[in-house]
Amino acid sequence: MINESALRSPHLGRANIVMLVAGSFLATIGRGATLPFLPLFLHNQLGMSIIDTGTVLTLSMVAGILLSIPSGKLANHFSHKKLLTLSLLVFALAFIILGSVYSVVVFVISFTLINCAYALYSTIIKCFISDNFHEGEKTKLFSLNYTFINIGWMAGPAIGAALSRSGTFIPFALSALTGLLAMALTARLKVRATASDQHSRAGNSHPGDKKRFMLLLVFTAAIFLGSFVFDRFASCISQILMVDSDAGIISRIISLLITTNALTVVLFQYAIGRWLERVTDRQGFLLGTLGLIVGLFLFSQAERSLPLWIVGMFIFSFGEIIFMPLQYRVIDRIAPAQERAFYFSFQNLGSLGGAINPVITGVLLTLLPRGDVFAVLIAASLVCCVVFQLGLLLVRRQSGPG
């Protein structure tokens with residue numbers, strides 16, 4: 001478990017850790033209770049076609065991610081605690097509006113605000129971990145936080161589906177309530193004066209920051225490729241299977257894959273996070289890439305073999321488990337103290353890789369046999385690893401000997 005004596009300040013202990021992960025868990029339940037059902041909401045309540053639904057959701061998600069970058073810049077100059085409270089308040093109010101005002105324009109604005117607010121919230125959580133815990137604790141905490149986010153994603157859709165039977169607005173009300181509960185928890189965080197606070201007030205700038213920003217671009221490109229491979233794996237594999245499989249087989253395989261992935265992440269993420277403290281970033285990314293590649297290869301050979309799909313997903317999930325905390329760790333290590341929030345928010349651009357995956361997969365399936373799409377994903381995994389290794393090499397060269 002987290003070693004309380006390893007924390008930088010005696011008043012920052014297990015209570016803070018519990019409030020952090022509980023806040024992430026609640027906010028994720030809020031998202032999970034409604035987000036999977038938004039396409040149906042748009043179709044039934046706003047009369048939108050399938051194509052228009054996809055366009056509106058993608059536009060709102062991309063806009064939210066892009067808006068989170070300047071908001072991350074602001075986070076370098078304002079209290080993290082106040083920004084956490086503000087982001088969750090916007091998150092809750094936007095869900096109320098989303099479920100009560102049936103307008104496409106209002107939907108786009110509200111959903112964009114939800115995505116932007118959650119991106120800012122997750123950015124500040126990373127900054128809080130980075131500012132308040134020792135190097136040896138950070139990867140474990142990133143992993144623990146990601147574990148509870150996945151537990152939230154397991155519980156949220158089931159809760160939302162059950163509540164939707166009582167009325168269309170009920171899941172949105174639950175999402176707003178979880179946002180307010182998360183806000184109440186984060187308001188109790190004990191925050192000390194951090195190095196990033198002191199540097200941001202001083203407004204210091206260093207010549208080396210431009211080199212660090214170049215490293216940020218390199219690592220964000222790698223995160224983009226990783227996100228493309230594993231962030232939307234369920235929809236990607238569903239599209240591939242649609243080429244020559246019936247709906248019943250597709251539904252069965254996808255359900256098994258989602259369950260296997262969720263259980264693997266929940267059961268092993270924290271343990272892997274602790275193990276990652278003992279390996280270098282280079283070794284970690286190599287092992288993560290190996291997991292992704294082996295998993296994708298097994299997918300390409302599985303056809304209708306359910307055991308092979310499950311084994312492939314189990315191995316593929318380990319690649320995801322390794323990548324997630326490592327990508328936060330490398331950003332944390334290159335970020336100047338006065339720009340940490342901006343670096344973490346800029347890193348969110350990498351999630352656009354997952355956002356464009358359905359479109360790219362669709363195009364590839366019109367041009368290539370379905371098996372070749374897995375080869376493209378394997379190639380993307382390899383390029384992702386190469387770009388990460390290049391970034392790590394540049395870090396060592398800038399750091400100099402030792």
Side-chain angles (χ1 to χ4, degrees), residues 1-2 17-18 20-37 122 139-162 178 226-227 229-238 240-241 248-276 284 287-328 351 354 357 374 377 381:
M1 295 298 292
I2 299 296
I17 296 168
V18 170
L20 277 176
V21 298
S24 292
F25 172 69
L26 287 168
T28 306
I29 283 183
R31 297 174 76 218
T34 51
L35 265 56
F37 310 107
S122 63
T139 305
K140 287 182 283 188
L141 279 171
F142 288 140
S143 294
L144 186 65
N145 189 56
Y146 188 62
T147 298
F148 275 84
I149 287 172
N150 276 275
I151 295 173
W153 274 116
M154 289 177 65
I159 295 172
T178 58
S227 174
V229 173
F230 59 74
D231 263 13
R232 297 289 185 272
F233 73 88
S235 63
C236 176
I237 292 176
S238 180
I240 294 171
L241 290 173
I249 290 292
I250 295 172
S251 177
R252 191 174 180 188
I253 290 174
I254 295 300
S255 296
L256 283 172
L257 294 184
I258 291 174
T259 302
T260 301
N261 175 260
L263 289 175
T264 304
V265 172
V266 168
L267 293 174
F268 294 100
Q269 179 72 70
Y270 182 67
I272 292 296
R274 295 187 67 178
W275 171 77
L276 286 173
L287 289 170
T289 302
L290 181 62
L292 295 178
I293 290 173
V294 172
L296 289 167
F297 175 76
L298 292 177
F299 292 158
S300 71
Q301 304 300 310
E303 296 294 336
R304 298 195 177 189
S305 172
L306 297 181
L308 199 54
W309 279 109
I310 292 172
V311 172
M313 190 72 251
F314 181 74
I315 298 172
F316 183 86
S317 298
F318 269 92
E320 175 190 353
I321 287 171
I322 292 171
F323 262 82
M324 292 307 295
L326 279 184
Q327 67 183 32
Y328 300 144
S351 63
N357 177 284
F374 287 114
L377 293 171
S381 302

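These values consider heavy atoms only, across backbone and side chains, with no hydrogens, waters or symmetry-generated copies.
The aromatic rings of Phe299 and Phe374 lie tilted to each other, with the angle between the two planes from 30° to 60°.
Summarising the geometry of Ser381 relative to Ile293, their closest heavy-atom pair is CB-CG1, 4.1 Å, with the distance given to 0.1 Å. Closest heavy-atom contact between Asn357 and Cys236: OD1-CB, 3.2 Å. Asn145 approaches Ser24 most closely through the heavy-atom pair OD1-OG, 2.6 Å. The nearest pair of heavy atoms linking Thr147 to Tyr270 is OG1-N, 3.7 Å. Considering all non-hydrogen atoms of both residues, Leu26 and Thr178 come closest at O-CB, 3.2 Å. The shortest non-hydrogen separation linking Gly284 to Ile322 is O-CG2, 3.2 Å.
For Phe318 and Phe314, the ring centers sit closer than 6.0 Å to each other.
Expressed to the nearest 0.5 Å, how far CD1 of Ile240 lies from CD1 of Ile237 amounts to 6.5 Å. Thr264 OG1 to Gln269 CD: the interatomic distance, rounded to the nearest 0.5 Å, is 11.0 Å. To the nearest 0.5 angstrom, Ile310 atom CD1 is 10.0 Å from Ile253 atom CD1. Rounded to the nearest 0.5 angstrom, Phe268 CZ and Glu320 CD are separated by 14.0 Å. Taking CH2 of Trp309 as the reference point, atom CZ of Arg252 lies at 14.0 Å (rounded to 0.5 Å). The CZ atom of Phe233 sits 6.5 Å away from atom CG of Leu257, with the distance rounded to the nearest 0.5 Å.
In this structure, the side chains of Tyr328 and Thr139 stay at 4.5 Å or more apart for every pair of heavy atoms. In this structure the side chain of Leu263 reaches within 4.5 angstrom of the side chain of Met154, judged on heavy atoms. Annotation: side chain of Ile249 is not in contact with side chain of Leu241 (no heavy-atom distance under 4.5 Å). Between Ile149 and Phe25, the closest side-chain pair of non-hydrogen atoms is not below 4.5 Å. Counting only heavy atoms from C-beta outward, the side chains of Leu141 and Leu20 never approach each other to under 4.5 Å.
No donor-acceptor pair closer than 3.5 Å links the side chain of Thr28 to the backbone N or O of Trp153.
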